[in-house]
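In the text below, chain A, chain B and the rest are named by the order of the sequence lines, each starting its count at 1.
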Amino acid sequence: MPELPEVETVRAGLEPVLTGRAFVRVEQRRPDLRFPLPERFAERLTGRRVLRLDRRAKYILVHLDQDEVLAVHLGMTGRLIVSVGGNGAGGGPDGHAVGSSVTLGQYAYQHGKDAKHDHLVFTMSGGAVVTYNDARRFGYMTLIPAQDLAQDAFFAGLGVEPLGPELTGAYLAVRAASRSVDLKAFLMDQRIVAGLGNIYVCEALFRAGLDPFKPAARLAARGGKPTPAAGRLAAEIKAVLTEAIRAGGSTLRDYKRADGTTGLFQNEFGAYGREDAPCLKPGCHGTVRRKTQGGRSTFYCPACQR
DNA sequence: ACTGTACCCTGTAGGC
DNA sequence: TGCCTACAGGGTACAG
């Protein structure tokens, strides 16, 4: 569900709730999410204090005392519901939540209806209750010793952070050399750039004016220099992610947080979700089309993305 | 090594 | 109303 800007927005929202707090009670309602939860997960988490929150790719990293890290991936539909001064999202005996709550995620949370997918309930010192809800259960959590993070199977193969200095036209050119996969799949590959997903890949390619169906190798260096397309793409990836984070990410469908705030970046999409609408590029009279690519929808303008 | 497809799971929207 | 299909922001496990 959430791509880098949405995960970053969730991380930022969670930061004041968790930092400096300890896990007082951990309720685990099923043995697994996408993968089995760690052995004795609740027991190992209980009593641990949160030092700080970080993000790598689409993972939220909760740094704990005793040099351990709780890594959280929200998958497609993972949400965190923060309740203060009331019951958890699971609600009271009648199934209705007591007190106020805020949903951190891309979808609204309906207390009566969605509670059956509340898989974990964390009670923090100070009284905040954080509930992990995930209908499709593509999300997962793991506990990793801090010093093993870089070698952990989930993290070892990840590509560069798109907002870091490592993502450049030259980097893309090198990684794209002699790759026949199409540009879309190349950018979706977390081993190349970590944190992009369907929406922001569509948007970055739209902004850079690049055809998602062309082979990645078109970015490869020629005559020792990266192509202008590679440089443009790197710059547009950074720009679209930066703008999206500033807007609080993208919210889809009828999402509304309990406090009324939502991400706003969905209003800025140039391509995503705009099937059959006119291309917004100045001077382009094309029409945005949707085509399935690798089992996912690609939105693009055939007229100006070459 | 690389590439494409099937699959994991649940919910929702649309056609009939 | 029900039944069916397609699709949804994620990633992995294969077969070729």
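Each of B/dT3, B/dG11, C/dG11 was ranked by its minimum atom distance to the side chain of A/Lys116; first place goes to B/dG11. Distances were taken from every side-chain heavy atom of A/Arg34 (C-beta onward) to each of B/dT3, B/dG11, B/dC8; the shortest belongs to B/dC8. Comparing C/dA8, C/dG11, B/dT3 by their closest approach to the side chain of A/Arg179 singles out B/dT3. The side chain of A/Val181 approaches B/dT3 more closely than any other nucleotide in the set B/dT3, B/dG11, C/dT12. For A/Phe35, whose side chain is taken as the heavy atoms from C-beta onward, the closest listed nucleotide among C/dA8, C/dT12, B/dG11 is C/dT12.
Counting to the nearest Å, the C1' atom of B/dC9 and the CG atom of A/Leu74 are 16 Å from each other. Regarding A/Leu196, its CG atom lies at a distance of 10 Å from the P atom of C/dG11, rounded to whole Å. Taking atom CZ of residue A/Phe138 and atom P of nucleotide B/dC9, one finds them 8 Å apart after rounding to whole Å. Atoms CG (A/Leu187) and P (C/dG11) sit 13 Å apart, rounded to a whole Å. Remark: C1' of B/dG11 and CG of A/Asp134 are 12 Å apart, rounded to the nearest angstrom. The nearest whole Å value for the distance from the CG atom in A/Asp32 to the P atom in B/dT10 is 10 Å. Here the P atom of nucleotide B/dT3 and the NZ atom of A/Lys184 are 16 Å apart, to the nearest Å. Across the protein-nucleic acid pair, A/Gln293 atom CD and C/dC7 atom C1' stand 16 Å apart, rounded to whole Å.
For the pair A/Ser178 and A/Asp114, nearest-nucleotide mapping onto DNA chain B gives the more 5' position to A/Ser178.
Remark: the separation of the P atoms in C/dA6 and B/dA6 is 12 Å, to the nearest Å.
The phosphate of B/dT10 has neither OP1 nor OP2 within less than 4.0 Å of any side-chain N or O from A/His117. OP1 or OP2 of C/dC7 sits under 4.0 Å from a side-chain N or O of A/Arg290. At the phosphate of B/dT12, OP1 or OP2 sits under 4.0 Å from a side-chain N or O atom of A/Lys113.
Residues A/Val160 and A/Arg56 come closest through the heavy atom pair C-NH1, 4.2 Å.
One N or O donor and one acceptor, one from the side chain of A/Arg136 and one from the base of B/dC9, sit under 3.5 Å apart.
Looking at heavy-atom distances under 4.0 Å, A/Phe186 makes no contact with the nucleic acid at all. Within the nucleic acid shown, A/Ser297 comes within 4.0 Å of sugar-phosphate atoms alone, with no base atom in reach, counting heavy atoms only.
For A/Ala146, the side chain to side chain contact (heavy atoms under 4.5 Å, CB included) partners at least two apart in sequence or on another chain are A/Asp67, A/Val69.
Under the 3.5 Å distance criterion, with hydrogens and angles disregarded, no donor-acceptor pair is assigned to the side chains of A/Thr103 and A/Arg79.
Atom CZ of A/Arg30 has more than 12 neighbouring heavy atoms from other residues, nucleotides or ligands inside a 6.0 Å radius.
Geometrically, A/Lys214 does not engage A/Phe186 in a cation-pi contact, judged by NZ or CZ lying under 6.0 Å from the ring centre and within 45° of the ring axis.
No side-chain donor-acceptor contact under 3.5 Å links A/His63 to the backbone of A/Asp54.
A distance of 12.5 Å separates CG in A/Leu219 from CZ in A/Arg175, rounded to the nearest 0.5 Å.
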Dot-bracket for DNA chain C, please. Rules: Watson-Crick or G-U, both distances under 3.5 Å, ( ) within the strand, [ ] when a pair crosses earlier ones, | for another strand, . otherwise.
.|||||||.|||||||

Show, in sequence, the C-alpha distance, side-chain angles and deciding distance for A/Gln106 and A/Ser250, and conclude whether the side-chain hydrogen bond (donor to acceptor under 3.5 Å, both in side chains) test is met.
CA-CA 7 Å; A/Gln106 274 179 311; A/Ser250 304; 5.2 Å; no

